Amino acid sequence: MARLARTAGLTDVQQEILSTVRDFVDKEIIPVATELEHRDEYPQQIVDGLKELGLFGLMIPEEYGGLGESLLTYALCVEEIARGWMSVSGIINTHFIVAYMLKQHGTQEQKDHFLPRMAAGDIRGAFSMSEPGLGSDVSAITSKAVKDGDEYVLNGQKMWLTNGGTSSLVAVLVRSDEGHSPEEAAAKPHKSMTTFLVEKEPGFGEVRPGLTIPGKIDKMGYKGVDTTELIMDGLRVPADRVLGGVTGRGFYQMMDGVEVGRVNVAARGCGVAQRAFELGVRYAQQRHTFGKPIAQHQAIQFKLAEMATKVEAAHAMMVNAARKKDSGERNDLEAGMAKYLASEYCKEVVEDAFRIHGGYGFSKEYEIERLYREAPMLLIGEGTAEIQKMIIGRRLLEEYRFQG
């Protein structure tokens, strides 16, 4: 067991789950990750293995066939998986957010219909908020749902959909001005948004009438997992597929999902940073300059010390955010801090490991090259650093309101 990023107070069950996941990562993911990533190939065999381990149902209650574990357990598993290959953790994360939203906000019929098959991994989830040109301004969503009898007709274009092709259930956030005047909708846009549960066939092209998933977006990193657009053109969705059965609550449902998603992104940052440290400290002991391993040079020891401290600090903040959510308390402040710190530290630790590798870090033969391209995605996913700072700043002003 690595010395860094240990978590105190885990139960025997949690420790057993993490040990199993770590063994799987070491044996089934790390040996093939770089090759699959360079080919931009979906890791079907790895995903099948995760399905056998029951990870798709990790946080789904036992009554629906899941393991009923905590957010902390899930985050620590994500940390291990990201240590092996961050793209795999992304496949799990989007599925988990949809399952979480269903568990927290779905009707009983929706839970009974979806959660057992999601726990088994037979239904894979994805969620969709962003749109072309939207950025972080969710209130500017233009995709729209209009009621037509017992159905809604959805039109619009969504962007940056992880698992867009391989998923079979997508939670889609659109504008639905039903019950609101144009003036009310303009004044309070968050109250006129609805989340729809859209079932589809896996694949690309027209996956159901009115719904098209174009091909994969070619990315700098975060390869293997499919990232796509989603185009709705007269897509008809039954009214009973409104998440929770009531329109106008979609923004708050999505933000609840994103809040736990930020803990997940923090966990991914921790995992990637841990792997970068492992690669850096190992190479520093193998590479010789001026007659001795570079690890014996003070400059490198300073760098390793800074890297390890950042790994430890990010892990501690991620664990704190997960435990806060598990306790039932509001954790947007802790989740924002953890996501911000872990993603920034991940970038810095990866770059330091890259520097330790010297010219070899620039070669595709070395794993650090892949990590160097993957880390930047964490600076953007689930909200940029600037968005996290806005959330943190507003919450701090609430907590430390000056009474003058």
Side-chain angles (χ1 to χ4, degrees), residues 56-57 59-61 64-66 91-131 138 141 143-176 178 192-203 206-213 228-261:
F56 283 99
M59 277 193 66
I60 294 175
Y64 299 107
I91 293 170
I92 295 286
N93 180 45
T94 51
H95 174 88
F96 154 71
I97 289 179
V98 177
Y100 174 84
M101 290 169 60
L102 272 163
K103 182 184 73 170
Q104 295 297 109
H105 306 288
T107 65
Q108 192 59 53
E109 185 276 332
Q110 290 167 351
K111 294 177 185 178
D112 292 339
H113 181 76
F114 290 112
L115 288 181
R117 289 184 291 164
M118 294 187 79
D122 296 331
I123 288 181
R124 305 280 171 76
F127 76 103
S128 180
M129 286 194 302
S130 188
E131 296 181 2
V138 181
I141 280 177
S143 298
K144 193 166 185 178
V146 177
K147 193 167 187 182
D148 182 17
D150 293 332
E151 296 180 317
Y152 285 85
V153 181
L154 277 61
N155 289 283
Q157 182 178 2
K158 310 298 283 186
M159 193 69 177
W160 305 119
L161 182 64
T162 301
N163 282 345
T166 48
S167 61
S168 46
L169 174 65
V170 185
V172 183
L173 183 66
V174 301
R175 187 175 298 283
S176 60
E178 181 185 7
S192 61
M193 295 185 189
T194 299
T195 301
F196 286 87
L197 301 170
V198 178
E199 298 172 82
K200 71 177 187 65
E201 290 296 319
E206 189 174 37
V207 291
R208 65 175 280 182
L211 180 63
T212 299
I213 304 291
T228 73
E229 299 174 69
L230 180 147
I231 300 172
M232 300 172 290
D233 185 10
L235 171 65
R236 305 188 76 88
V237 181
D240 63 5
R241 288 299 174 256
V242 171
L243 180 61
V246 179
T247 60
R249 298 180 180 174
F251 176 81
Y252 307 99
Q253 295 164 344
M254 278 282 182
M255 289 304 104
D256 191 23
V258 168
E259 194 171 284
V260 294

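Predicted model, so just to flag it, every value in this text is computed and none were measured.
Counting non-hydrogen atoms of neighbouring residues, nucleotides and ligands closer than 6.0 angstrom, the NZ atom of Lys103 exceeds 12 such neighbours. For CZ of Arg117, the number of neighbouring non-hydrogen atoms (other residues, nucleotides, ligands) closer than 6.0 Å is greater than 12. Environment of CD in Glu201: sparse, with no more than 12 heavy atoms of neighbouring residues, nucleotides or ligands closer than 6.0 Å.
Side-chain contact between Met118 and Ile60: present, with at least one pair of heavy atoms (C-beta onward) separated by less than 4.5 Å. Between Phe56 and Ile92, the closest side-chain pair of non-hydrogen atoms falls below 4.5 Å. In this structure, Lys158 and Val170 have side chains that are not in contact, with every pair of non-hydrogen atoms separated by 4.5 Å or more. Two residues are said to be in side-chain contact when any heavy atoms from C-beta on lie closer than 4.5 Å; Pro202 and Arg124 fail this criterion. Side-chain contact between His105 and Val246 is absent, with no heavy atoms from C-beta onward closer than 4.5 Å. Residues Lys147 and Thr247 form no side-chain contact, since every pair of their non-hydrogen atoms from C-beta on lies 4.5 Å or further apart.
Nearest approach of Leu161 to Ser128, heavy atoms of both residues: CD1-CB, 3.5 Å. Contact between Ala171 and Leu197 at its shortest, heavy atoms only, is CB-CD2, 4.4 Å. In terms of heavy atoms, Tyr100 sits closest to Gly257 at CD2-CA, 4.2 Å. Val138 approaches Met255 most closely through the heavy-atom pair CG2-CE, 4.5 Å. Closest approach of Ser176 to Met193, counting heavy atoms only: OG-C, 4.1 Å. Minimum interatomic distance between Ala145 and Val174 (heavy atoms only, all atoms of both residues): CB-CG2, 3.7 Å.
In this structure, OG in Ser130 is found 10.5 Å from CD in Glu229, a value given to the nearest 0.5 Å. Atom CE of Met101 is separated from atom CD of Gln253 by 6.0 Å, given to the nearest 0.5 angstrom. Taken from OG1 in Thr194 to CZ in Phe251, the straight-line distance is 13.0 Å, to the nearest 0.5 Å. Between atom CD1 of residue Ile123 and atom CG of residue Leu169 there is a gap of 6.0 Å, rounded to the nearest 0.5 Å. Atom CZ of residue Phe96 and atom CE of residue Met59 lie 4.5 Å apart, to the nearest 0.5 angstrom. Summarising the geometry, atom CZ belonging to Phe114 is positioned 7.0 Å from atom CG belonging to Leu102; distances are rounded to the nearest 0.5 Å.
The side-chain contact (heavy atoms from CB on, under 4.5 Å) test applied to Asn155 returns Val153, Asp233, not counting sequence neighbours.
Checking each of Ile231, Leu230, Val237 against Leu211 for a side chain to side chain contact (heavy atoms under 4.5 Å, CB included) leaves exactly one that passes, namely Leu230.
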Quick one, Phe196 with Val242, criterion side-chain contact (heavy atoms from CB on, under 4.5 Å). Give me CA distance, side-chain angles, the key distance, then yes/no. CA-CA 5 Å; Phe196 286 87; Val242 171; 3.5 Å; yes
Does Glu199 form a salt bridge (charged side-chain N to carboxylate O under 4.0 Å, His left out) with Arg208? I'd like the steps, not just the answer. CA-CA 9 Å; Glu199 298 172 82; Arg208 65 175 280 182; over 6 Å; no
For Lys200 and Ser167: C-alpha separation, side-chain torsions, deciding distance, then whether side-chain contact (heavy atoms from CB on, under 4.5 Å) applies. CA-CA 8 Å; Lys200 71 177 187 65; Ser167 61; 3.5 Å; yes
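No donor-acceptor distance shorter than 3.5 angstrom exists from the side chain of Gln104 to the backbone of Asp256, with no hydrogens or angles considered.
Glu109 has a carboxylate O that lies under 4.0 Å from a charged side-chain N of Arg241, or vice versa, which qualifies the two as a salt bridge.
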